[in-house]
Q: 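Dropping the structure in here first, questions after.
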Amino acid sequence: MNTDEKQPGAPSPAANAQQRAAPLPAANAQQRAAMLRVDQAGEFGATRIYAGQLAVMGQRSDEARAITRMAEQEARHRAIFDRMMTQRGVRPTALQPLWNVAGFALGAATALIGPKAAMACTVAIETEIDRHYGEQLDQLGDGDPELSATIGEFRAEEVEHRETALAAGAEQAPAYALLSGAIRLGCRIAIRLSRNI
Ligand SMILES: [Fe+2]
Ligand SMILES: [Fe+2]
């Protein structure tokens, strides 16, 4: 008799082994709380970057109008993550005061270089956020449909922001590669810090 044969109603040994060997189990509650924390921090940071840019650029140019539209979407992203954190009892990052100042400073500094540098900042940030949200969606699997749907929707808008900024000439910013590399590195560090602090 073949002892490996599946009993009616019992999971097959192969299925059991597959479950044990699954490389990425769906994120647990603690991991999902950390995701919400870092995402809220990121959206908050985005509102502060755009606030810094608009403080320098004013409201009148085409670039400023595009930034105002993006900033409105970031404010909505932030508000929705704020609400989800309250509902789920997730605390915000303790680094919020730092992102408040650092975000505004980054926005103001890039806008002082010029409108194209301001756009280069958006391209750099959104490139990292697109990757970050994509990783989170992979980690979530189908374990948290509400969070996945929210992240998926915001991710699509972040990609639009990147396209808007590229169309506005981001890549013609002075020292584009250096500027972009530095901002992307800073963004990755901020993501890592905000997850757990
Ligand atoms: Fe956003
Ligand atoms: Fe964005």
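Counting starts at 1 for both ligands and their atoms, following the listed order. Both backbone and side-chain heavy atoms feed into the values below; hydrogens, waters and symmetry mates do not. All figures in this text were calculated on a predicted structure; none of them were measured in a lab.
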Q: Kindly check if the number of other-residue, nucleotide or ligand heavy atoms within 6.0 Å of CD (Q30) is above 12?
A: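 Incorrect, the count does not exceed 12.
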
Q: Any donor and acceptor pair, going by atom type alone, linking the side chain of T93 with main-chain N or O of I197 inside 3.5 Å?
A: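 The answer is yes, because a donor-acceptor pair under 3.5 Å joins these two groups.
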
Q: Side chains of Q136 and H132: is there a donor and an acceptor less than 3.5 Å apart?
A: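 A pair is found: one side chain offers a donor N or O, the other an acceptor, under 3.5 Å apart.
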
Q: Sorted by first residue and then second, give each side chain to side chain donor-acceptor pair (under 3.5 Å) pair with at least one member in residues 98-107; sequence neighbours left out.
A: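 Only R48-N100, W99-S194 qualify under side chain to side chain donor-acceptor pair (under 3.5 Å).
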
Q: Show the numbers, then the answer: is there a side-chain hydrogen bond (donor to acceptor under 3.5 Å, both in side chains) between E158 and H161?
A: CA-CA 5 Å; E158 311 303 2; H161 296 172; 3.3 Å; yes

Q: What count do you get for protein N, O or S atoms closer to the Fe ion (ligand 2) than 2.8 Å?
A: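 Atoms of protein N, O or S type lying less than 2.8 Å from the Fe ion (ligand 2) total 4.
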
Q: Can a salt bridge be assigned to the pair E135 and R131 using a cut-off of 4.0 Å between side-chain N and carboxylate O?
A: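 Yes, E135 and R131 are salt-bridged.
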
